[in-house]
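The next block holds one structure in the form of structure tokens; read it before the comments.
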Amino acid sequence: MSWLAASNPCPGLFYGTAAQDGTLIRIRVPGGCISRDQAIAIVEIADRWQTSRVQVTNRANLQFRALRSIPSPEVFSTLQSVGLASQNPHLDHLRNIMASPTAGIDPAELIDVRSLVQAIDTDLQNTPELIGLPPKFSIGIDGGGAIGIGARSESVWQHRYNEIQLSAVTCDRFKLTLGSNRRFYETGVLIKKSDCVAAIAALTQTYLAYVQQSQSQKKPRLRDLLKDWGIESYLERVPFQFERDSDASISPARTRTELTQYLGIQPQRQPGRAYIGIALRLGWMTIAQLRGLIQLAETYGSGELRLTPWQSILLPDVAIDQTATVLDAIAALELSTDLSNSTVVACAGKPGCAASETHTQAHALTLINQLNHPVNIHVTGCPKRCAQPSPAEFTLLGTTVQGSEAYALFAGDRPLSDRPILASELSTIVELINTLHD
């Protein structure tokens with residue numbers, strides 16, 4: 001057996017990403033919605049791979065780590081049959097579509113984007129020339145509800161930077177934002193819901209033309225296009241008639257005191273129904289826990305689960321008078337709705353990544369267990385800071401001191417110590433963060 005597509009820097013399904021502890025495989029879940037059949041397929045494949053857990057990523061995808069063999073053709077076929085893989089293996093990594101995790105159930109939502117996500121995904125899969133786009137190409141669709149993505153995420157550390165971002169500003173229109181190099185660029189452009197697929201197709205074709213004319217050996221990113229052309233020149237070259245409205249604004253990110261909670265029991269727009277947000281420590285859940293959640297979704301919900309870009313999971317469509325029962329069942333699965341379990345993020349670290357200086361995952365769990373309050377901490381094993389694209393409240397940057405693992409500590413971009421602190425002294429870091437956060 002062999003892989004069906006050539007590898008690229010962004011982990012995928014039809015090619016493996018080598019790591020020190022085995023192979024990493026990432027399964028794209030456009031919009032983060034997982035049906036009952038899809039969830040069952042994930043469980044069955046995990047059993048076949050003899051792996052005991054799966055991780056939700058910071059783009060609401062799923063990934064398996066430390067695999068020892070290439071998936072069989074039957075595995076690929078199964079994932080394709082349930083909509084978790086592209087029919088064209090070479091296009092699968094472009095199914096990188098992020099959406100509001102509460103699409104269709106958010107009481108404050110302006111536009112339910114679920115059908116739009118499906119339409120965009122279908123268009124991507126039926127446009128083979130898009131194979132030429134860079135592997136990190138991404139699209140974000142925000143419905144304008146209380147739980148937003150992109151620049152509308154509840155807090156700056158939750159921001160996700162999609163290269164093409166549509167955010168609802170009315171019940172029929174989205175505002176176009178471009179994301180690049182961990183920044184958002186306003187365009188002053190509005191797009192009707194009915195025109196979104198055509199507009200994205202035009203934007204991507206123009207982007208593709210830029211990539212194809214490049215002389216660089218590495219496929220240029222959108223940030224390179226914007227640097228060379230500028231926003232206006234890019235939009236002028238796109239074969240689409242955009243509606244201009246520079247006054248249209250996207251709701252600003254909320255401050256911490258205004259933060260809208262998506263964990264725990266939250267009311268839906270459907271009368272008498274609620275969704276329950278479940279925090280996953282570093283995005284991990286065991287296959288046994290996933291089985292339990294599937295059973296709960298079948299018994300008390302609609303059979304669906306939702307992944308979020310903040311490495312958590314939502315169980316929607318629960319009758320309000322049954323939420324207490326479901327919460328007890330979630331606790332019995334050793335899962336929690338506590339925000340403290342969802343604000344610390346960590347890259348793969350050792351032994352999963354050769355670039356890492358430290359065992360970030362284990363150290364992050366230690367931090368979670370000792371923190372007094374929910375606080376965003378990014379534990380990263382090298383300067384690439386892979387796990388969280390947006391600025392963190394506190395960052396632990398892995399290094400070594402005389403052969404021992406250590407961390408440089410930052411509050412935002414400001415160093416908090418004049419020397420790295422040994423990983424064996426994590427309690428010192430926790431004490432300092434708790435003091436500053438209090």
Side-chain angles (χ1 to χ4, degrees), residues 28-33 59-60 83 86 91 94-106 108-130 133 136-145 147-153 159-180 184-210 222 225-226 231-232 234-251 269 306 309:
R28 299 279 187 260
V29 186
C33 294
R59 293 197 59 82
S86 174
L91 282 170
L94 296 179
R95 301 172 67 242
N96 206 4
I97 307 171
M98 183 185 295
S100 310
T102 52
I105 62 175
D106 191 327
E109 184 177 60
L110 294 171
I111 300 175
D112 179 354
V113 302
R114 290 176 295 179
S115 62
L116 184 53
V117 169
Q118 293 174 355
I120 294 169
D121 183 40
T122 298
D123 190 66
L124 287 175
Q125 293 195 59
N126 286 284
T127 313
E129 63 266 27
L130 294 182
L133 288 175
K136 291 186 179 294
F137 170 70
S138 61
I139 297 171
I141 312 291
D142 185 299
I147 308 302
I149 61 168
R152 291 193 60 259
S153 297
H159 288 178
R160 296 293 180 266
Y161 302 90
N162 296 292
E163 291 190 313
I164 297 175
Q165 173 78 35
L166 299 181
S167 301
V169 290
T170 72
C171 62
D172 186 47
R173 280 172 170 75
F174 293 89
K175 185 169 185 179
L176 172 66
T177 306
L178 302 177
S180 177
F184 296 109
Y185 297 89
E186 297 291 345
T187 65
V189 162
L190 294 181
I191 302 173
K192 290 182 180 179
K193 178 185 176 183
S194 58
D195 291 337
C196 283
V197 176
I200 289 176
L203 286 161
T204 53
Q205 288 293 336
T206 305
Y207 184 7
L208 176 63
Y210 173 82
L222 185 67
L225 180 155
L226 295 178
I231 292 174
E232 284 304 314
Y234 175 34
L235 296 177
E236 287 170 1
R237 297 172 193 233
V238 175
F240 186 88
Q241 189 65 43
F242 290 112
E243 178 181 343
R244 299 288 183 147
D245 188 350
S246 59
D247 293 332
S249 61
I250 299 171
S251 301
R269 69 187 310 163
R306 306 277 188 100

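Minimum heavy-atom separation, Gln205 to Glu129: NE2-OE2, 3.1 Å. Pairing each heavy atom of Gly150 with each of Phe184, the nearest pair is C-CZ, 3.5 Å. The minimum heavy-atom distance between Ile141 and Ile149, with the atom names listed, is O-CD1, 3.6 Å.
Here the NZ atom belonging to Lys175 is positioned 9.0 Å from the OG atom belonging to Ser167, to the nearest 0.5 angstrom.
A salt bridge does not link Arg152 to Glu109: none of the charged side-chain nitrogens sits closer than 4.0 Å to a carboxylate oxygen.
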- Residues Leu176, Ile164; criterion side-chain contact (heavy atoms from CB on, under 4.5 Å); working and verdict: CA-CA 7 Å; Leu176 172 66; Ile164 297 175; 4.0 Å; yes
- Message: One pair to check against side-chain contact (heavy atoms from CB on, under 4.5 Å): Tyr185 and Leu222. What are the steps and the verdict?
- Response: CA-CA 11 Å; Tyr185 297 89; Leu222 185 67; over 6 Å; no
- Message: For Val197 and Leu116: C-alpha separation, side-chain torsions, deciding distance, then whether side-chain contact (heavy atoms from CB on, under 4.5 Å) applies.
- Response: CA-CA 8 Å; Val197 176; Leu116 184 53; 4.0 Å; yes
- Query: Where do Gln165 and Arg160 land on the side-chain contact (heavy atoms from CB on, under 4.5 Å) test, with the steps shown first?
  - Reply: CA-CA 10 Å; Gln165 173 78 35; Arg160 296 293 180 266; over 6 Å; no
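Gln241 CD: 12 or fewer foreign heavy atoms inside a 6.0 Å radius.
Applying the salt bridge (charged side-chain N to carboxylate O under 4.0 Å, His left out) criterion to Arg95, with sequence neighbours excluded, gives Asp92, Asp121.
Using a 4.5 Å heavy-atom cutoff, the side chains of Ile200 and Ile191 are not in contact.
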Which donor-acceptor pairs under 3.5 Å do the side chains of residues 96-103 make with protein atoms, sequence neighbours left out?
residue : atom : partner : partner atom : Å
Asn96   : OD1  : Arg59   : NE           : 2.9
Ser100  : OG   : Gly143  : N            : 3.1
Thr102  : OG1  : Asp106  : OD2          : 3.3

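Tyr234 places a side-chain N or O within 3.5 Å of a backbone atom of Leu203 that can act as its donor or acceptor partner. Using a distance-only test at 3.5 Å, with no hydrogens or angles considered, no donor-acceptor pair links the side chain of Ser86 to the main chain of Leu91.
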